[in-house]
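All remarks here apply to the structure that follows.
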2 protein chains.
Amino acid sequence: MTQDRLSITLSALADPTRRAILARLASGEASVNELAEPFAMSLPAVSKHLKVLEKAGLISRGREAQWRPCKLEAGPLKDINAWLDNYRQFWEESFDRLDLYLQKLQKGDENDRKS
Amino acid sequence: MTQDRLSITLSALADPTRRAILARLASGEASVNELAEPFAMSLPAVSKHLKVLEKAGLISRGREAQWRPCKLEAGPLKDINAWLDNYRQFWEESFDRLDLYLQKLQKGDENDRKS
DNA sequence: TAGTTAATTAACTTGTCGGTTAAATATAAG
DNA sequence: CTTATATTTAACCGACAAGTTAATTAACTA
């Protein structure tokens, strides 16, 4: 179905196992076996999770003898952060004067549309 | 299976239709029909998307005669932003060990305004 | 009351996801 | 050459996601 980049990244992150893997990789590279150790699931299951993360560009993998060390790649996280920028104003506690003004304008639009 | 909050939010966002709905709601409340208008899909399909967004806490819904106006709720987005904090250092320009060390030393500076 | 509009629910189809076990591949080490 | 270790691939399964059409609920309107 050829999903867009952001959807691929977000759905890769929408799994606690995969987020835990990323958290582990934040403290350094690791092999598949090392990454699998904390989880109560088979190695092929972890291997699949890694493939999902790799397709999302969230990890990259090297070759070192029979090991395939995984490394965190944060680019896609940066993209999510950029997307969130569109909404920062909606969760910021205190609006400054400009924000309040824009809110008022917005309410005006809404009333116009309804009448 | 009782998914965790963050997984629910991320999977709700991992769909371009739902993100488009949120984008629309960023400019004000809207009814289901208004939200459905831009999409080439049936109304029940949109209704389902809205239910997913509501369960994730990303929208709330009012009652106004036969309309059910939808409103953006950004709390869960704030949570994602907080989660991303764990990784900011990985996409910021300089992230070698020395720079990380210097960053830690500088953490007295509070104002992390975006560029 | 009947009819229209807004939205949801029900029932169903199809495809993907996350897991399994068993087999295959690749490299290293005796 | 054989065996052990690390990892992936294959085949399969149950659950769920995303869409459909048809029926239902809810509120307004003539």
Side-chain angles (χ1 to χ4, degrees), chain A residues 1-22 24-25 28-56 58-71 110 113-115, chain B residues 1-22 24-25 28-71 76:
Chain A
M1 212 208 168
T2 333
Q3 283 201 97
D4 61 290
R5 219 76 193 104
L6 202 48
S7 296
I8 291 172
T9 303
L10 288 165
S11 74
L13 295 174
D15 181 290
T17 300
R18 288 194 290 262
R19 289 198 307 280
I21 288 172
L22 290 188
R24 164 67 184 77
L25 291 177
E29 303 193 8
S31 73
V32 179
N33 269 295
E34 286 168 341
L35 290 174
E37 194 272 330
F39 302 108
M41 71 178 67
S42 69
L43 215 57
V46 172
S47 192
K48 278 188 183 182
H49 282 303
L50 292 174
K51 185 169 280 186
V52 172
L53 290 170
E54 190 177 22
K55 287 211 167 156
L58 286 161
I59 65 171
S60 63
R61 339 191 51 175
R63 256 174 208 277
E64 202 176 310
Q66 69 257 225
W67 293 272
R68 311 291 314 277
C70 298
K71 185 185 158 196
E110 197 175 65
R113 186 162 25 72
K114 279 184 181 163
S115 43
Chain B
M1 216 201 170
T2 333
Q3 282 201 99
D4 62 290
R5 217 74 197 116
L6 202 49
S7 296
I8 291 171
T9 303
L10 288 164
S11 74
L13 294 174
D15 180 291
T17 302
R18 289 195 288 262
R19 289 198 305 279
I21 288 173
L22 290 188
R24 165 65 184 80
L25 291 177
E29 301 192 8
S31 71
V32 178
N33 270 295
E34 286 169 341
L35 290 173
E37 195 273 329
F39 303 108
M41 70 179 65
S42 67
L43 213 57
V46 173
S47 193
K48 280 188 184 183
H49 281 304
L50 293 175
K51 185 169 283 188
V52 173
L53 290 171
E54 191 178 21
K55 287 210 168 156
L58 285 161
I59 65 171
S60 61
R61 336 191 56 175
R63 256 175 207 276
E64 202 175 312
Q66 69 255 229
W67 294 273
R68 312 290 313 275
C70 297
K71 186 186 159 195

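Letters A, B, ... are given to chains in the order of the sequence lines, protein chains preceding strands, and every chain is numbered from 1.
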Could you tell me which residues satisfy side chain to side chain contact (heavy atoms under 4.5 Å, CB included) with [X], sequence neighbours excluded, listed by chain and number?
{"X": "L25(A)", "result": "I21(A), A30(A), L35(A), I59(A), C70(A), L72(A)"}
{"X": "A45(A)", "result": "M41(A), S42(A)"}
{"X": "K71(A)", "result": "E29(A), S60(A), E73(A)"}
{"X": "S47(B)", "result": "none"}

Counting only side-chain N and O atoms of S42(A), is one of them less than 4.0 Å from OP1 or OP2 of dG19(C)?
-> no

Is any side-chain nitrogen or oxygen of R63(B) closer than 4.0 Å to OP1 or OP2 of dA26(D)?
-> no

Backbone N or O of G62(B) within a donor-acceptor pair of the R68(B) side chain at under 3.5 Å?
-> yes

Provide, to the nearest angstrom, the distance between the [atom1] atom belonging to [X] and the [atom2] atom belonging to [N].
{"X": "K51(A)", "N": "dG18(C)", "atom1": "NZ", "atom2": "P", "value": "14 Å"}
{"X": "D15(B)", "N": "dG15(C)", "atom1": "CG", "atom2": "C1'", "value": "14 Å"}
{"X": "L35(B)", "N": "dA7(C)", "atom1": "CG", "atom2": "P", "value": "9 Å"}

Could you list all N or O pairs between the protein and nucleotides 11-15 of chain D that sit under 3.5 Å apart?
none

Identify, with sequence neighbours excluded, every residue that meets side chain to side chain donor-acceptor pair (under 3.5 Å) alongside S7(A).
-> D4(A), R19(B)

Partners passing side chain to side chain donor-acceptor pair (under 3.5 Å) against N33(B) (at least two apart in sequence or in another chain) | none

What pairs of residues pass the salt bridge (charged side-chain N to carboxylate O under 4.0 Å, His left out) test when at least one of them lies in residues 32-49 of chain A, not counting sequence neighbours?
-> none

Between the protein and nucleotides 1-6 of chain D, which nitrogen or oxygen pairs come in under 3.5 angstrom?
none

Mind pulling the stems DNA chain D is in, i.e. runs of at least three Watson-Crick or G-U pairs, everything under 3.5 Å?
-> C:1-30 with D:1-30

Salt bridge (Lys or Arg N to Asp or Glu O under 4.0 Å) involving R18(A) - partner list, sequence neighbours excluded | none

Taking salt bridge (Lys or Arg N to Asp or Glu O under 4.0 Å) as the test, write out the residues that go with R61(A), two or more places apart.
-> E54(A)

